A.B. asks: 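Take this structure first; my questions come after.
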Amino acid sequence: MNSTWWHDKVAYQIYPKSFYDSNGDGIGDIPGIIARLDYLKDLGVDIVWLSPVYRSPLADQGYDISDYYNIDPRFGTMEDMDRLLAEAKKRDMYIVMDLVVNHCSDEHAWFKKACEDPEGQYGQYFYLRRLKKAAAPEGTAYAVTSPDGYVLPCNWRSYFGGPVWEKLPGHEDWYYLHVFHKKQPDLNWENPRVREEIYTMINWWLDRGLAGFRIDAIINIKKALPFRNYAPDRADGLCSIHTMLREASGVGEFLGEMRDRTFAPHNAFTVGEVFGEKEEELPDFIGKNGYFSTMFDFSEAIWGSSPAGWHANQGITPDAYRSCLFSAQKKFNAVGFISNIIENHDEPRGATRYIPAADRKQMDERMLTTAKKALATVYFLAKGLPWIYQGQEIGMENLPLHSIDEVDDVSSIDAWNVMRELGVSEADALRAIERNGRDNARTPFQWSAAENAGFTTGSPWLRVNPDYSQINLDRQQPDPDSVYNHYKKLIALRKDPQYRDPLVRGSFEPWLEDEHNVIAYLRRSEVPTSQTILVISNYQLQPRVLPLPAPARRVLLNNCTKPVIQPGKRQVSLGGYQTLVLELDM
Ligand code: NOJ
């Protein structure tokens with residue numbers, strides 16, 4: 001996918017359930033998105049990715065699709081979707097939907113038919129196995145049995161906990177595979193009929209005017225077959241799915257076929273959710289004629305995560321953040337155009353995760369705003385397509401928890417069970433969910449200080465973050481120094497024809513890479529003229545003086561009011577978390 005029309009664009013993720021509720025049922029919807037398109041346009045957004053709005057039981061909040069050709073009534077109708085596509089087009093905006101095809105819902109017609117006749121055509125759409133109660137064959141190490149004694153085909157642990165095998169409804173000895181929730185049976189990509197169904201569906205949507213897709217969990221479509229057990233990595237006797245994925249090879253054949261049959265003929269924009277990619281395969285993924293236009297860089301997001309459980313995850317330091325950012329830049333820029341994020345609907349809020357807790361404790365509101373703007377600047381101006389997750393532009397934060405009963409997210413509940421079984425105290429387990437859980441990103445968008453943050457006139461499906469009277473869009477829009485207005489300036493700067501060459505296509509070169517708590521880099525272009533921009537952040541509370549590679553010609557952005565440059569000087573004095581974008585004289 002070598003088209004590059006999207007390189008100078010800015011992308012935004014909407015989590016529809018929590019964006020804006022137009023009808024007072026407590027659930028955000030498509031008419032709510034249409035009502036806020038002008039807000040996004042004014043912010044400077046071009047590409048909008050919608051998390052799933054297809055018909056779904058919402059067991060995993062829409063990532064369990066029961067009908068790919070319909071909109072869930074809670075989100076609206078197909079007419080609403082068509083209207084959204086038309087309204088976006090009017091504004092030169094592009095709508096991207098989520099493509100969830102590793103699995104569907106157990107309420108999808110295909111699965112229901114598979115349950116009726118596991119040996120029939122639809123049985124082949126999934127991974128179904130008829131199991132025996134007999135002891136595992138001689139030489140089968142690590143075999144795991146179901147509670148009623150059936151020997152499972154393999155001991156993989158589902159992403160949301162427990163074995164990947166579940167009894168097929170209506171049957172005693174048939175089981176099906178689900179690498180995510182048991183309501184998300186995996187589709188059998190080895191079956192050409194399944195692939196045909198998927199390609200037909202993708203083309204149907206692209207023909208409707210969709211610009212492309214964010215492609216969910218795609219690396220999982222290729223299983224290491226035949227099923228076998230691996231050495232267990234926890235006391236449950238199971239092994240992480242990643243162990244199997246490392247061994248699975250050949251996903252490229254499916255992805256190349258999907259590209260050729262769907263995305264390429266439509267010149268569609270695609271962004272892959274790819275974890276654990278093999279470095280030598282990167283050019284196949286996002287190089288010239290890669291499977292996808294781009295893919296997300298998750299290196300910062302996964303840093304410090306422990307296989308032992310969420311309680312053992314480490315908080316990321318500024319130096320670790322920098323090292324993730326810089327090594328991803330090095331790795332991906334050599335191959336293609338990466339997608340840069342600090343948040344999405346599966347991650348904690350960036351403003352909480354990437355500003356050290358010890359620093360946050362010492363910050364007043366003004367300093368916290370400065371730090372949020374520092375974070376925004378350093379990730380946004382790195383090379384690649386910048387993505388903003390809803391609410392990030394106003395610096396929304398993690399949700400405080402009082403009890404596990406307040407938690408909605410299935411993966412947090414699994415993590416809670418794992419931690420409790422390991423003997424982690426309730427209080428520590430709750431703190432771990434507060435730091436890592438997916439509800440953090442899913443609380444309703446904070447539009448105003450009105451009731452329910454202006455998200456709904458009804459009762460919101462998920463608790464509004466109690467900080468909404470402080471952190472909300474209404475309060476930030478008129479304030480020139482707000483986080484929101486800083487994002488607006490960043491977007492405007494990246495799109496400014498005077499700086500677009502270095503900031504969009506220019507090279508990325510680290511500066512002061514070994515300096516503790518400094519995140520700094522150069523963006524340079526040689527054509528049509530030579531231009532060098534320096535992004536430099538004093539990512540700590542203590543002020544300091546830092547060297548510059550050349551005197552600054554102009555300050556393009558400053559995240560606080562403290563004045564900065566002295567003409568002709570090769571150094572700059574920065575306050576706590578002060579971050580500058582400078583045009584250099586070189
Ligand atoms: C990744 C999605 O982002 C996440 O929300 C979902 O639970 C899994 N894939 C399964 O579809």
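In this chain, residues are counted from 1 in sequence order. What you see is a predicted model; the values in this text were computed from it and never measured.
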A.B. asks: Side chains of Trp156 and Pro163: closer than 4.5 Å at any heavy-atom pair?
C.D. replies: no

A.B. asks: Side-chain contact test, heavy atoms from C-beta onward, threshold under 4.5 Å: evaluate it for Leu399 versus Glu406 and give yes or no.
C.D. replies: no

A.B. asks: Assess Lys133 against Tyr150: is NZ or CZ under 6.0 Å from the centre of the six-membered ring, and within 45 degrees of the ring's axis?
C.D. replies: yes

A.B. asks: Roughly how far apart are Met419 CE and His311 NE2, rounded to 0.5 Å?
C.D. replies: 7.5 Å

A.B. asks: Within 45 degrees of the ring normal and closer than 6.0 Å to the centroid, is that where the cationic atom of Arg74 sits relative to Trp461?
C.D. replies: no

A.B. asks: For a quick test of reading the model, state the closest non-hydrogen atom pair linking Leu50 to Pro16 and the distance between them.
C.D. replies: CB-CG, 4.3 Å

A.B. asks: Indicate whether the side chain of His486 and that of Thr369 have a donor and an acceptor atom separated by less than 3.5 Å.
C.D. replies: no

A.B. asks: How about Glu451: does its CD atom have over 12 heavy atoms from other parts shown lying under 6.0 Å from it?
C.D. replies: no

A.B. asks: How close do Pro31 and Phe75 get, heavy atom to heavy atom, and via which atoms?
C.D. replies: CD-O, 3.8 Å

A.B. asks: Atom OG of Ser146 and atom OH of Tyr175: how far apart are they, to the nearest 0.5 Å?
C.D. replies: 3.0 Å

A.B. asks: Salt bridge or not for Lys488 and Glu393, using N-O below 4.0 Å?
C.D. replies: no

A.B. asks: Could you go step by step and tell me if Tyr63 and His345 meet the side chain to side chain donor-acceptor pair (under 3.5 Å) rule?
C.D. replies: CA-CA 12 Å; Tyr63 285 90; His345 64 293; 3.1 Å; yes

A.B. asks: Where is the tightest heavy-atom contact between Val483 and Gly395, given as atom of each residue plus distance?
C.D. replies: CG1-N, 3.9 Å

A.B. asks: Any sub-3.5 Å donor-acceptor pair from Arg475's side-chain atoms to Gln470's backbone N or O?
C.D. replies: yes

A.B. asks: Decide if atom NZ of Lys182 counts as having more than 12 heavy atoms of other residues, nucleotides or ligands within a radius under 6.0 Å.
C.D. replies: no

A.B. asks: Crowded around Arg420 CZ? As in, over 12 foreign heavy atoms under 6.0 Å?
C.D. replies: yes

A.B. asks: Mind checking whether Phe445 and Phe455 have ring centres under 6.0 Å apart?
C.D. replies: no

A.B. asks: With a 4.5 Å cut-off on side-chain heavy atoms, are Tyr389 and Ile341 touching?
C.D. replies: no

A.B. asks: CG of Asn398 to OG1 of Thr443: how many Å apart, nearest 0.5 Å?
C.D. replies: 9.0 Å

A.B. asks: Using the ring pair (Phe, Tyr, Trp, His ring centres under 6.0 Å) rule, take Tyr68 and His108 through it: C-alpha gap first, then chi angles, then the decisive distance, then the call.
C.D. replies: CA-CA 9 Å; Tyr68 288 97; His108 192 288; 5.7 Å; yes

A.B. asks: Rounded to the nearest 0.5 Å, how far apart are SG of Cys154 and CG of Leu225?
C.D. replies: 9.0 Å

A.B. asks: Using the ring pair (Phe, Tyr, Trp, His ring centres under 6.0 Å) rule, pick out the option among Phe227, Trp174, Tyr127 that qualifies with Trp165.
C.D. replies: Phe227

A.B. asks: What's the shortest heavy-atom distance between Val179 and Ile241, and which atoms?
C.D. replies: CG1-CD1, 3.7 Å

A.B. asks: Check whether the side chains of Tyr230 and Ser240 place a donor and an acceptor atom closer than 3.5 Å, and report yes or no.
C.D. replies: no

A.B. asks: Side chain to side chain contact (heavy atoms under 4.5 Å, CB included) with His103: which of Lys183, Gln184, His178?
C.D. replies: Gln184

A.B. asks: Would you please name every residue forming a salt bridge (Lys or Arg N to Asp or Glu O under 4.0 Å) with Asp233, sequence neighbours left out?
C.D. replies: Arg157

A.B. asks: Side chains of Asn102 and Asn220: any donor to acceptor distance under 3.5 Å?
C.D. replies: no

A.B. asks: Checking side-chain polar atoms at under 3.5 Å, does Ser56 have a donor or acceptor matched by the opposite partner on Asp64?
C.D. replies: yes

A.B. asks: In terms of relative ring orientation, are Phe285 and Phe292 parallel, tilted or perpendicular, with 30° and 60° separating the classes?
C.D. replies: tilted

A.B. asks: Output yes when Glu347 and Arg353 qualify as a salt bridge under the 4.0 Å nitrogen-oxygen rule, no when they do not.
C.D. replies: no

A.B. asks: Once you round to the nearest 0.5 Å, how far does OG1 of Thr456 lie from CG of Asn452?
C.D. replies: 6.0 Å

A.B. asks: Please report the closest heavy-atom contact between Gly454 and Trp447, naming both atoms and the distance.
C.D. replies: O-CD1, 3.8 Å

A.B. asks: Report yes if some heavy atom in the side chain of Pro169 is under 4.5 Å from a heavy atom in the side chain of Phe111; otherwise report no.
C.D. replies: yes

A.B. asks: Mark yes or no for whether Thr370, through its side chain, and Arg366, through its backbone, hold a donor-acceptor pair below 3.5 Å.
C.D. replies: yes

A.B. asks: What I'd like to find out is whether the side chain of Arg130 reaches to under 4.5 Å of the side chain of Pro118, using heavy atoms alone.
C.D. replies: no

A.B. asks: Does atom CD of Glu279 have more than 12 heavy-atom neighbours, drawn from other residues, nucleotides or ligands, at distances under 6.0 Å?
C.D. replies: no

A.B. asks: Just checking, any donor-acceptor pair under 3.5 angstrom between side chains of Ser51 and Gln13?
C.D. replies: yes

A.B. asks: Just by modelled atom types, is the Ala35 backbone N or O under 3.5 Å from a matching donor or acceptor in the Tyr20 side chain?
C.D. replies: no

A.B. asks: Identify, with sequence neighbours excluded, every residue that meets salt bridge (Lys or Arg N to Asp or Glu O under 4.0 Å) alongside Lys372.
C.D. replies: Glu397

A.B. asks: Give a yes or no on whether a salt bridge exists between Arg442 and Asp346, defined as a side-chain N under 4.0 angstrom from a carboxylate O.
C.D. replies: yes

A.B. asks: To the nearest 0.5 Å, how far apart are OG1 in Thr579 and CD1 in Ile519?
C.D. replies: 8.0 Å

A.B. asks: Before you tell me yes or no, could you show the steps for Tyr539 and His516 under ring pair (Phe, Tyr, Trp, His ring centres under 6.0 Å), namely the whole-Å CA-CA distance, both residues' side-chain angles and the distance that decides it to 0.1 Å?
C.D. replies: CA-CA 9 Å; Tyr539 213 88; His516 181 50; over 10 Å; no

A.B. asks: Just checking, is any N or O donor in the side chain of Asp106 or Tyr176 under 3.5 Å from an acceptor N or O on the other one?
C.D. replies: no

A.B. asks: Glu426: which residues meet the side chain to side chain donor-acceptor pair (under 3.5 Å) condition with it, sequence neighbours left out?
C.D. replies: none

A.B. asks: Is a salt bridge present between Lys331 and Glu277, judged by a nitrogen-to-oxygen distance below 4.0 Å?
C.D. replies: yes

A.B. asks: Would you mind reporting whether Tyr159 and Asp414 have side-chain heavy atoms less than 4.5 Å apart?
C.D. replies: no

A.B. asks: Short question: side chain of Asp297, backbone of Asn340 - any donor-acceptor pair under 3.5 Å?
C.D. replies: no

A.B. asks: For the residue pair Ile433 and Val407, what are the closest heavy atoms and their distance?
C.D. replies: CG2-CG2, 4.3 Å

A.B. asks: Do NZ/NE/NH1/NH2 and the carboxylate oxygens of Asp72 and Lys17 come within less than 4.0 Å?
C.D. replies: no

A.B. asks: Decide whether Tyr379 and Glu300 meet the rule of one side-chain donor and one side-chain acceptor closer than 3.5 Å.
C.D. replies: no

A.B. asks: Do Trp49 and Asp98 have side-chain N/O donor and acceptor atoms under 3.5 Å apart?
C.D. replies: yes

A.B. asks: Using side-chain heavy atoms (C-beta onward) and a distance below 4.5 Å, is Val518 in contact with Arg544?
C.D. replies: yes

A.B. asks: Are Ser482 and Asp479 close enough that a side-chain donor and a side-chain acceptor fall under 3.5 Å?
C.D. replies: no

A.B. asks: Quick one: do Asp319 and Arg322 make a salt bridge, cutoff under 4.0 Å?
C.D. replies: yes

A.B. asks: For the residue pair Tyr39 and Gln477, establish whether any side-chain heavy-atom pair is separated by less than 4.5 Å.
C.D. replies: yes

A.B. asks: With a sphere of 6.0 Å drawn around NZ of Lys278, does it hold more than 12 non-hydrogen atoms of other residues, nucleotides or ligands?
C.D. replies: yes

A.B. asks: For the side chain of Glu343 and the backbone of Arg349, is there at least one donor-acceptor N/O pair under 3.5 Å apart?
C.D. replies: no

